[in-house]
Amino acid sequence: MDLPFKDELALMPDLGHRLRQLRWFRATFRSSAKVVSDTFGVRYDIDETKLTRAFLDWIEIMEAQKCYAEIDRADFIVFAAGLVLRELIRQAPAREISGLTELIETKANSRTLEIVRFWPEGFLYTNYCVSAISAVYQQEFGSAPSIDKCADDLRTWWSYRENVTEMPAYAVAFLDRFLGAEPNWITPDHAQSRQAMQRALGAQRPSDAIRQL
């Protein structure tokens with residue numbers, strides 16, 4: 001997956017905390033849409049009301065589970081981005097308005113353009129979240145996580161779009177899959193059910209272990 005906005009995000013100091021502020025969230029999402037437009041040629045209209053609602057719903061859900069950030073910070077960053085992705089898909093603040101017939105094609109981006117044509121809004125949401133994960137990882141851990149080859153597979157995106165349309169929480173699981181992790185398909189939007197969290201806690205009942213911390 002091409003991430004044209006990742007390097008720009010990585011230049012923003014203290015990105016992990018700034019993205020939890022509405023004005024930075026809105027600004028970076030709009031900037032991401034512009035970079036995607038400039039890179040691939042597809043243009044979007046952004047509904048600020050829906051974007052704000054997606055942010056507020058995300059913050060509420062994420063704050064209720066933020067104790068898990070102390071258990072495994074790296075995994076919680078991915079999980080939190082998955083929740084953002086869920087809310088963006090659910091609220092649908094972006095709408096493709098033009099450009100799909102005039103996409104900027106190169107020898108290197110043909111597979112990405114197939115995905116953009118198939119689901120321009122979903123590509124924007126996912127690209128933003130993966131870019132944010134990569135930039136935060138770069139700042140906090142010195143390197144970005146690897147992206148699985150399935151992220152460039154149009155067949156995976158068919159399944160992705162179909163499943164999240166029925167159940168937006170599956171966005172968390174698909175984001176994990178794109179980053180090469182084992183998804184939790186049962187309760188994807190519950191941090192305590194994630195394999196990384198369970199391994200970090202070393203307990204069969206993570207909630208009990210958390211109370212002991």
Please round to the nearest 0.5 Å and tell me the distance separating atom [atom1] of [X] and atom [atom2] of [Y].
X	Y	atom1	atom2	value
Gln195	Asp72	CD	CG	12.5 Å
Leu85	Cys129	CG	SG	4.5 Å
Leu15	Ile77	CG	CD1	9.5 Å
Gln198	Ser193	CD	OG	6.5 Å

Which heavy atom of [X] sits nearest to which heavy atom of [Y], and what is that distance?
X	Y	result
Val42	Ser37	O-OG, 2.6 Å
Gly122	Thr126	O-OG1, 2.8 Å
Gly41	Leu103	C-CD2, 4.2 Å
Leu19	Phe25	O-CB, 3.8 Å
Ala94	Ile46	CB-CD1, 3.8 Å
Leu175	Ala81	CD2-C, 3.8 Å

Looking just at side-chain N and O atoms, do Ser98 and Arg43 make a donor-acceptor pair shorter than 3.5 Å?
yes
Is a donor from one side chain sitting under 3.5 angstrom from an acceptor on the other, for Tyr44 and Glu121?
no
Are the ring centres of [X] and [Y] closer than 6.0 Å?
X	Y	result
Tyr160	Phe178	yes
Trp157	Phe174	no
Tyr68	Phe76	no
Phe123	Phe40	yes

Between Met1 and Asp152, is a side chain to side chain contact (heavy atoms under 4.5 Å, CB included) present by the stated rule, with each step listed?
CA-CA 6 Å; Met1 180 186 294; Asp152 292 318; 4.0 Å; yes
Kindly state each residue pair satisfying salt bridge (Lys or Arg N to Asp or Glu O under 4.0 Å) with at least one member in residues 160-185, sequence neighbours excluded.
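Those involving residues 160-185 are Asp176-Arg194.
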I need the full list of salt bridge (Lys or Arg N to Asp or Glu O under 4.0 Å) pairs touching residues 183-192, with sequence neighbours left out, sorted by first then second residue.
Arg86-Asp189
Partner of Ile59 by side chain to side chain contact (heavy atoms under 4.5 Å, CB included), out of Arg20, Gln21, Lys66:
Arg20
Residues two or more places apart in sequence or in another chain: which of them pass side chain to side chain donor-acceptor pair (under 3.5 Å) with [X]?
X	answer
Ser159	Asn163
Asn109	Thr106
Asp57	Arg90, Gln91

Hydrophobic cluster identity match, [X] and [Y], side-chain contacts under 4.5 Å:
X	Y	answer
Tyr128	Ile97	no
Leu154	Leu124	yes
Val78	Phe141	yes
Ile104	Phe118	no

Give the C-alpha distance, both sets of side-chain angles, the deciding distance and a yes or no for side chain to side chain contact (heavy atoms under 4.5 Å, CB included) between Phe79 and Met197.
CA-CA 10 Å; Phe79 174 69; Met197 294 296 179; 5.7 Å; no
Evaluate side chain to side chain contact (heavy atoms under 4.5 Å, CB included) for Trp119 paired with Trp158, printing each intermediate quantity in order.
CA-CA 9 Å; Trp119 191 18; Trp158 275 95; over 6 Å; no
Just wondering, more than 12 heavy atoms not from Glu60 lying within 6.0 Å of its CD?
no
When you compare the side chain of [Y] with that of [X], does any pair of heavy atoms fall below 4.5 Å?
X	Y	value
Arg111	Ile115	no
Asn127	Val36	yes
Gln65	Gln192	no
Leu179	Asp148	no

Okay, side chain of [X], backbone of [Y]: is any donor-acceptor separation there less than 3.5 Å?
X	Y	value
Ser131	Leu3	no
Asp47	Thr49	yes
Trp58	Ala80	yes

Let me see the working for Glu87 and Arg53 under salt bridge (Lys or Arg N to Asp or Glu O under 4.0 Å), right down to the final yes or no.
CA-CA 9 Å; Glu87 293 308 311; Arg53 189 179 303 127; over 6 Å; no
Kindly determine whether Phe55 and Val84 satisfy side chain to side chain contact (heavy atoms under 4.5 Å, CB included), including the steps that lead there.
CA-CA 7 Å; Phe55 172 83; Val84 173; over 6 Å; no
Before accepting this row, confirm whether a basic side-chain N of the pair Asp38/Lys34 lies closer than 4.0 Å to the acidic partner's carboxylate O.
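Counted as a salt bridge, because a side-chain N and a carboxylate O are separated by less than 4.0 Å.
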List the atom pairs, with distances to 0.1 Å, where a side-chain N or O of residues 5-13 and a protein N or O form a donor-acceptor pair under 3.5 Å, not counting sequence neighbours.
none

